[in-house]
Amino acid sequence: MEQMIEEQKGKDSELYIILKNSWSNFFNFFKEDRFAMVGLIIYLFVGIIAIFAPVIAPYDPHEMLRYDGEYRTNAGPNSENILGTTNMGRDVFSQLIYGARPAVLVGVSAAFMVVLIGTLVGLVAGYYRGKVDTFLMRVTDVAFGIPFEPFVIVLVAFLGPSIWNIVLAMGLLLWRDTARVIRSQVLVVRERGFVESARVAGASNFRIIFRHITPNILPLALLYGSLAMGWAILTEAAISFLGFGDPSAVSWGFMLNDAFVSQALSRGSYSWFVPPGICIMLVVMAGFYIGRGSEKILYPRMNQY
Amino acid sequence: MGQSDFLIEVEDLKKWFYPKQSLIGRRKAPLRAVDGISFSIKKGTSIGIAGESGCGKTTTGKLLLKLYDATEGSFKFDGVEMNSGMTKQELKDFRRKAQLMFQNPYEALNPRYTIYQSLQEPLIIHKYGTKEVRRKKIINMLEKVRLTPVESYLHKFPHQLSGGQLQRVVLARSLVVDPLFLVADEPVSMLDVSVRAGVLNLMREVTSTMGLTTVYISHDLSLIKYLCEETVIMYLGSIVEKGPTDKILFSPMHPYTMALISAVPSSDPDVELKELNINNSITSADNIPDGCKFQDRCPYAQEICFKQEPLLQKTKNDHFVACHFSEEIGGKQYENRLCSTRSYG
Ligand SMILES: Nc1ncnc2c1ncn2[C@@H]1O[C@H](COP(=O)(O)OP(=O)(O)O)[C@@H](O)[C@H]1O
Ligand SMILES: [Mg+2]
């Protein structure tokens, strides 16, 4: 018996088990819902493309391509440029591949901020209740009152157009949904027997919040993080399309903007602006599918209607 | 260690819940869940609290564990007053000495903790020994509650165990820090009848070998008879009768106690049924009338009962009862009925 306990030694750290269980819950959810699975696959696919962009893309996305000393501008699909070139002679396919990078960067970091801020606010408000709760929920209401995209545009215009400022601006607002949902979940979990039993055992508030309540709301927080990812990518695209984005980052929104201002539409260069549009649509759909799956699981009776 | 013979001394303890007041309309009356109770528990003995659902038993238990702050009154633990002025360290000391066993074993353990982790938590909180010492202690405790072979339970999760096994884990968890005092709130009411006796026997054995002072909360009088030296009968937040268990159960003096006893089904068909039926309407704790709280359900109620609240008084039978007419109506022998009720043991 002693030996068997020894074997478990490395694995019995509380944190290890908590993390392991939250992750397995999170993935079980994707296994159960086919739409959510599709969403997850899209996210993973975009992630892989972002990581291997330099290997996949045939050209540098900024390089103005010359063939026989001539710039090749506004070319249609051909053997060297499968999606053609831009009006400045850049390879559209390479831009599309590199465009996954800002998308992933924006999506992941916005999701991280949303999960972190939203979960903390929700935990503190739901656990302490009373005045703390009232205060935090009023702050959340204010965040809900601010229109999202104009806020991001104004803040980015103010701080300077870099991708990190866009992420920051989104993080400052997008936590509001997560905070509300987590708070209501915490209000339920904190009344459960094991929380009281931890209190009787002498556990501090800190311990109860992070060791007992957090593991039970973490799957929900991760889910809201996945949703925020789609939102953040769409917002970055919108901001870039409107011309407020980071000029040095080739994002899908930037490509659309580039195509728009150089009148690609009237020239009928569909191979330039349709692919980035589809990419944006796919990641937003991924977020929607995951959200749809979560509703099915959180409210199982919805299937009946 | 205090000098007192008593581990728990409670004096006129009250817990009122104040409902949220709406801005307009009549002020809502507070809900008097526990409304001035007094009793004490000798070290190493056990006491039973009985009464129908909603009479304030759980609230009393939580007051004794400082899970609620009392609205009013005094609560001494081991001779020390447990008021709101106690420091964090004092409260933590108290948390080691006083433990709770829940009614619902399915809820009492964190579903994401293994049994080992659940038992280890109180030890970590109270900085008990090294990791090695803690492990020995946990294994020892699980053996004590007869969850053997221990290694097959250590790394299981709560949903993998049955109710009876879970309640043993809950018992082990509350006793692993060597407490002095244990409140068991309806410890077996959620379990299958077939495993109740096993869990109760185990509790009786373990608490007596550890010299614990215990409070058993139950609406099941045969459980209390089996486990407790003293009994307190509560009705709508007040004590209506208290004293040694045999006296209370064999010659009750309060009509409510009589009604509770006559509601216990008898297993012996020859026992003469001495029914005492009471009115089934239940007064709620936020709308308590003047006079005796039991007035509207009592078959013996007279004029005085509607005007004056009876105080808890010592009877010639050596226990305490709160009824104006206890001398006239009390003292009937109910012995036969509960003697034949041998559910446990
Ligand atoms: N946290 C609370 N807030 C408001 N009312 C409560 C609370 N806890 C218990 N009560 C009320 O106090 C009364 C006594 O409850 P309780 O002590 O749980 O009774 P018992 O355990 O004897 O069934 C009930 O009327 C109940 O509704
Ligand atoms: Mg109760």
Side-chain angles (χ1 to χ4, degrees), chain A residues 1-26 28 129-131 133-134 185-222, chain B residues 58 61-62 65-67 88-89 91-114 116-127 131-132 134-136 138-139 148-152 154-155 157-158 170 173-174 176-177 179 182-183 185 190:
Chain A
M1 184 176 70
E2 285 293 325
Q3 191 196 350
M4 135 132 206
I5 295 164
E6 276 314 305
E7 278 169 20
Q8 289 286 346
K9 204 171 182 177
K11 292 185 183 172
D12 72 0
S13 100
E14 288 174 54
L15 197 65
Y16 171 82
I17 301 233
I18 287 173
L19 284 178
K20 199 184 83 183
N21 291 336
S22 306
W23 277 109
S24 72
N25 259 33
F26 186 60
N28 276 343
R129 300 189 292 194
K131 283 185 185 135
D133 182 26
T134 311
Q185 191 68 17
V186 171
L187 285 174
V188 175
V189 175
R190 81 189 293 287
E191 297 302 327
R192 290 185 57 184
F194 63 84
V195 172
E196 191 153 64
S197 109
R199 192 165 293 129
V200 174
S204 59
N205 288 333
F206 187 84
R207 192 182 179 88
I208 291 175
I209 292 178
F210 290 105
R211 288 284 169 83
H212 291 279
I213 297 180
T214 306
N216 286 287
I217 52 112
L218 212 52
L220 196 63
L222 291 177
Chain B
T58 297
K62 288 187 177 179
L65 291 167
K66 294 291 295 173
L67 286 171
K88 252 191 165 153
Q89 191 52 46
L91 186 64
K92 199 169 168 187
D93 273 359
F94 175 74
R95 289 267 175 261
R96 189 189 68 72
K97 293 177 189 158
Q99 293 295 326
L100 171 65
M101 208 175 147
F102 280 92
Q103 174 173 18
N104 187 348
Y106 301 95
E107 272 284 297
L109 298 169
N110 190 327
R112 293 172 198 278
Y113 276 24
T114 61
Y116 182 79
Q117 289 175 307
S118 277
L119 258 76
Q120 191 189 27
E121 187 182 32
L123 294 174
I124 291 178
I125 290 170
H126 296 291
K127 305 201 169 64
K131 204 166 178 177
E132 217 38 60
R134 290 202 290 263
R135 184 171 292 131
K136 290 225 171 75
I138 290 167
I139 289 167
T148 47
V150 172
E151 59 268 37
S152 68
L154 281 181
H155 300 287
F157 285 94
V170 173
R173 178 183 151 103
S174 46
V176 77
V177 286
L182 177 71
V183 175
D185 188 354
M190 300 282 290

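Letters A, B, ... mirror the listed sequences (proteins, then strands); counts begin at 1.
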(message) Using a 3.5 Å distance criterion without hydrogens, assess whether the side chain of B:Glu107 forms a donor-acceptor pair with backbone atoms of B:Asn104.
(response) no
(request) Using atom types as modelled and distance alone, determine if a side-chain donor or acceptor of B:Arg96 lies under 3.5 Å from a backbone N or O of B:Pro179. (result) no
(message) So for B:Leu109, is it side chain, backbone, both, or neither that comes closer than 4.5 Å to the heavy atoms of chain A?
(response) backbone
(message) Between B:Lys88 and chain A, with a heavy-atom cut-off of 4.5 Å, which part of the residue counts as in contact: side chain, backbone, both or neither?
(response) neither
(request) Identify, with sequence neighbours excluded, every residue that meets ring-ring contact (aromatic ring centres under 6.0 Å, His included) alongside B:Phe94. (result) B:Phe77
(message) I'd like to verify something: which residue of B:Lys92, B:Lys62, B:Gln103 has the highest number of heavy-atom pairs under 4.5 Å with chain A?
(response) B:Lys62
(request) Taking the side chain as every heavy atom from C-beta outward, state whether B:Arg135 and B:Gln120 have any pair of such atoms under 4.5 Å apart. (result) no
